[in-house]
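Computation of the quantities below employed the complete heavy-atom set of this structure, encompassing side-chain atoms and omitting hydrogens, waters and symmetry-equivalent molecules. In what follows, chains are A, B, ... by sequence order, proteins preceding strands, each numbered from 1.
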Number of protein chains: 2
Amino acid sequence: MAKGSETRERLLGIAEVAVLEKGFGATSIDEIIAAAEITKSGFFYHFKDKNHLARALLVRYIEKEEFILDDLFNRSRELHDDPLHSFLIGLKLFAEMMEDLSSGHPGCLVATYCYQERLFDQEIRDLTRETTLVWRKRFRDTFDEITEIYPARDSVDLDDLADMVSNTVEGGIIMSKALRDPGVLPRQVMLLRSYIKLLFSPTRN
Amino acid sequence: MAKGSETRERLLGIAEVAVLEKGFGATSIDEIIAAAEITKSGFFYHFKDKNHLARALLVRYIEKEEFILDDLFNRSRELHDDPLHSFLIGLKLFAEMMEDLSSGHPGCLVATYCYQERLFDQEIRDLTRETTLVWRKRFRDTFDEITEIYPARDSVDLDDLADMVSNTVEGGIIMSKALRDPGVLPRQVMLLRSYIKLLFSPTRN
DNA sequence: TAAAAACTGTACTTACGGTACAGTAAAATC
DNA sequence: GATTTTACTGTACCGTAAGTACAGTTTTTA
């Protein structure tokens, strides 16, 4: 079992890089198996078709993301009791993490899939939607905690505000890629942080 | 000339929809010519290869965008003399425009190209970069005008703030697609507006 | 009416997604 | 230690797509 899932992981790793660079439709199975030094039959042993590869890629990506976010915001929670300040610390940590990616964020699979939706079956499209809703819930819970203590200085919908976190990251990845400047994403996260700070800071500041 | 450029436009229109739905690599020339009811030879008369189609698509898209943004922010400028309030009006108008797109924003070609960069030649990658810099300059000029009158309540880099406008739109398009809710993009634009408002409003508010 | 523009038609090459299926080496299970 | 399962290899094949080449034809414009 160990050897098999090792090969599977290698295939997924190679495919992920290729998909984020060229898009799913432009990534050929032939190039994946060439890089993985495996035969086509070997590939189809692991994934019955390209759609199954797509799904496995997405599931793996989502799990990795969730783990990273859990870890980061748990740490920020340990650094400060107050939900607002803890979240502001979390955003700073996130920005720093994005800054440390030497060649920039490689890209978000959810975003690439959204921009190529017609290539995927309903199951995959539902997965991207549910993932985005999980992100929303994560940050919505945070903002619920914050508003229990700090009243917002402008009337905003908290689901929209929660979406703004994902929105900033997704937009920042694109802007970083477009400008070929990995620094854009972390700086945009810091701007989001500035908004949260202004929005919830007590009036006398 | 009229008939030729008419066919060319038709090809570009069909290609744009397909590329935004499936990505460039997954859009076949055969499907484009089938929809346009033209032969393959006819296609290659207009575009010598797929890369030339990609470039023409992008150039056309950029020109359309620029025209729309010019029009919108010129109108908002006419509605209010003050640069801050004029910009806030412009963002509201933009949000309304996004809301009126019945099936949501079809997607940004710059974003799809960024997520499939390895498919395109250097010239196209430079084009996406320069376009993003033009967007930056547009909003940077606006924020320069605003800061001449209103001091920012938090220390922010104005280029970053200018990028935040594009960032919000690019992210909003992805979030709208992921959640299958066209309303996300306009609501995110309104959140950006809320930030600009908080950031530049005189302290007593 | 001549020339340029805008195509059609045919034929071919290479690459890719996918199928089918027989065979095999290594690892886990009984 | 034999057997089954896992994880592959190898070969051969099909349909579709991108792209090339080039000769011929219609339509528009000068």
Side-chain angles (χ1 to χ4, degrees), chain A residues 1-58 60 109 112-113 116-124, chain B residues 1-58 60 112-113 116-121 123-124:
Chain A
M1 191 82 90
K3 198 192 168 197
S5 54
E6 196 189 284
T7 305
R8 202 183 125 99
E9 269 305 301
R10 206 168 74 249
L11 288 169
L12 288 172
I14 291 164
E16 187 177 295
V17 172
V19 168
L20 288 173
E21 274 182 356
K22 296 178 301 193
F24 188 77
T27 298
S28 74
I29 294 175
D30 280 10
E31 73 175 281
I32 296 171
I33 63 175
E37 291 180 308
I38 200 182
T39 61
K40 198 179 260 197
S41 315
F43 175 88
F44 283 107
Y45 171 76
H46 287 289
F47 309 102
K48 69 172 260 202
D49 57 27
K50 235 187 156 190
N51 234 307
H52 281 73
L53 170 68
R55 192 177 313 148
L57 271 180
L58 188 56
R60 195 182 80 127
L109 264 190
T112 65
Y113 280 33
Q116 295 160 47
E117 49 168 359
R118 283 291 141 85
L119 286 179
F120 307 106
D121 56 34
Q122 194 60 43
E123 202 182 321
I124 289 179
Chain B
M1 192 84 90
K3 198 196 169 196
S5 53
E6 196 189 284
T7 304
R8 202 183 125 99
E9 268 304 301
R10 205 167 75 249
L11 288 169
L12 287 172
I14 291 163
E16 188 177 295
V17 173
V19 168
L20 288 172
E21 274 182 356
K22 296 178 301 193
F24 188 77
T27 299
S28 75
I29 293 175
D30 279 10
E31 72 175 280
I32 297 170
I33 63 175
E37 291 180 309
I38 199 180
T39 61
K40 198 178 258 196
S41 315
F43 175 88
F44 283 107
Y45 170 77
H46 287 290
F47 309 102
K48 68 173 262 200
D49 58 26
K50 238 188 155 189
N51 233 307
H52 281 74
L53 170 69
R55 192 178 311 148
L57 271 181
L58 188 56
R60 196 183 80 127
T112 64
Y113 280 33
Q116 295 160 46
E117 49 168 1
R118 282 291 141 84
L119 285 179
F120 307 106
D121 57 33
E123 204 183 320
I124 290 179

task = Respond yes when some side-chain nitrogen or oxygen of B/Tyr45 is under 4.0 Å from OP1 or OP2 of C/dA6, and no when none is.
result = yes

message = Could you check whether the side chain of A/Ser41 and the base of D/dG10 have a donor-acceptor pair of N or O atoms closer than 3.5 Å, going by distance alone?
response = yes

ask   = Where the side chain of A/Lys40 is defined as all heavy atoms beyond and including C-beta, which of C/dT8, D/dT20, C/dT19 is the nearest nucleotide?
value = C/dT19

message = At 4.0 Å (heavy atoms only), tell me whether A/Ser28 reaches a base, stays on the sugar-phosphate, or touches nothing.
response = sugar-phosphate

task = Work out which heavy atom in B/Asp30 is nearest to a heavy atom in B/Ile33; give both atom names and the distance.
result = O-CG1, 3.2 Å

ask   = Taking CG from B/Asn51 and P from D/dG19, how many angstroms apart are they, rounded to a whole number?
value = 9 Å

note = Picking from D/dA21, D/dG19, C/dG18, the nucleotide nearest the side-chain atoms of B/Ile29 would be D/dG19

query = When we call it a touch if two heavy atoms are under 4.0 Å apart, what does B/Lys50 touch: a base, just sugar-phosphate, or nothing?
reply = sugar-phosphate

task = Report yes if a side-chain nitrogen or oxygen of A/Thr7 is closer than 4.0 Å to either non-bridging phosphate oxygen (OP1 or OP2) of D/dC8; otherwise report no.
result = yes

task = Please report the shortest heavy-atom distance between A/Leu119 and A/Gly25, naming the atom on each side.
result = CD1-N, 3.6 Å

request  = Check whether any side-chain heavy atom of A/Thr112 lies under 4.5 Å from a side-chain heavy atom of A/Phe24, and answer yes or no.
outcome  = no

message = So for atom CD, which belongs to B/Glu37, do other residues, nucleotides or ligands contribute more than 12 heavy atoms lying within a distance under 6.0 Å?
response = no

query = Whole-Å distance between C/dC7 C1' and B/Arg8 CZ?
reply = 15 Å

query = Whole Å only: how far is the CG atom of A/Asp30 from the C1' atom of D/dA17?
reply = 14 Å

task = For D/dA7, take OP1 and OP2 only and decide whether either is under 4.0 Å from a side-chain N or O of A/His46.
result = no

remark   = Rounded to whole Å, CZ of A/Phe44 lies from C1' of D/dT11 at a distance of 15 Å

task = Over all heavy atoms of both residues, which pair between B/Ile32 and B/Ala15 is shortest? Give the atoms and the distance, please.
result = CD1-CB, 3.9 Å

inquiry  = What is the distance, to the nearest angstrom, from the NZ atom on A/Lys48 to the P atom on D/dC8?
reply    = 20 Å

query = How long is the line joining CD of B/Glu6 and P of D/dT27, in whole Å?
reply = 15 Å

ask   = Nearest-Å distance, CZ (A/Phe47) to P (C/dG17)?
value = 14 Å

A/Glu31 CD - C/dG17 C1' separation (whole Å) = 13 Å

